[in-house]
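Notes follow once the structure below has been shown.
Keep in mind that this is a model prediction, so the values were computed, not measured. Just so you know, ligand 1 is whichever comes first in the structure, and atom 1 is the first atom listed for that ligand.
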Amino acid sequence: MTIAASSDLRSRLDASVATLVARAPKGFVPRVGVVLGSGLGAFGDTLGELTKIPYGEIGFPQSGVVGHAGNLCLGTIGAPGQSRVPVACMQGRVHAYEGHPADRVVFAVRALARWGCTKFVITNAAGAVNTALEPGDLMLMTDHLNLMGWSPLSGPNDDSLGARFVDMSVAYDVEMRAQAHEAAHDAGFVLREGVYGGLPGPSYETPAEIRMLRVLGADAVGMSTVPEVLALRHLGARVVAISCVTNKGAGITKQLLDHKEVQEVADRTRSRFVGLLERLITRL
Ligand code: HPA
């Protein structure tokens, strides 16, 4: 894993914020950042007063993975007449397995935090490790295992951005988690809970790795989110994360794994997922 020197990180982030301000509607400052994972991008198109900016126009790295559109959606959430929450919503993310250095994987979320987002909702598609989780379930992340073998916080630290040694005791915000449960209840379903194991990918796991993850305490497994959460906690942003369980982990059933299936299941949960995010964000 290449660790980029971070000595100029602050100036690169400031330049990115200037680009965002220039491209956004006048006076728009987002309060909540949202990252939409594989096949979960639909929420971005539901924002009120939507401005959609391709990542290429604002210097955000573009993912080559199907299901990651690569647009920043700026807009608001909240019914007319209610107070509206300004949101910056990433339709897709980049992953280290695509060849991006650590610093690039988390650049966009860092830029959104520097711009004004103090709270983030991170989403992903994940495989079930816990046999009680079913495809189509939405799982609130209570914690994670960083099994990626790297951290975006490695390398020189800019103390003006965040601490060298970041506390991860309560990485997933307790109040925001309660709000996510309320939002799900309001939408008429139960949000599952569990620990997410973050692996580097890009292959899916072997059945032995799924059994190992279960022993380690993971309920679900995926290839994202953990670096973003580390980078955001470093900057002091508050985070909640939701996994869309798209499949049972390798070896749990006889079925083989396929990204198409991941996308199809994510697609089938679309309306529940969008309903949850809307209800959650209006509470934040
Ligand atoms: N493993 C890793 N990442 C995933 C999976 C999986 O089974 N499903 C969706 N993303």
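Listed by chain and residue number, Glu182, Asp186 satisfy the salt bridge (charged side-chain N to carboxylate O under 4.0 Å, His left out) test with Arg283 (two or more places apart in sequence, or in another chain). Taking His144 as the reference, Tyr172 meet the ring pair (Phe, Tyr, Trp, His ring centres under 6.0 Å) condition, with sequence neighbours excluded. When the salt bridge (charged side-chain N to carboxylate O under 4.0 Å, His left out) test is applied to Asp143, no partner is found at least two apart in sequence or on another chain.
Side-chain contact check for Leu147 versus Leu213: some heavy-atom pair is nearer than 4.5 Å. With contacts defined as side-chain heavy-atom distances shorter than 4.5 Å, the pair Phe120/Val34 does not qualify.
At a 4.0 Å heavy-atom cut-off, the residues surrounding ligand 1 are Ala125, Ala126, Gly127, Tyr204, Glu205, Val221, Gly222, Met223, Thr246, Asn247, Leu257, Val262, listed by chain and number.
Using a 4.0 Å cut-off between a side-chain N of Lys or Arg and a carboxylate O of Asp or Glu, Arg110 and Glu228 do not qualify as a salt bridge.
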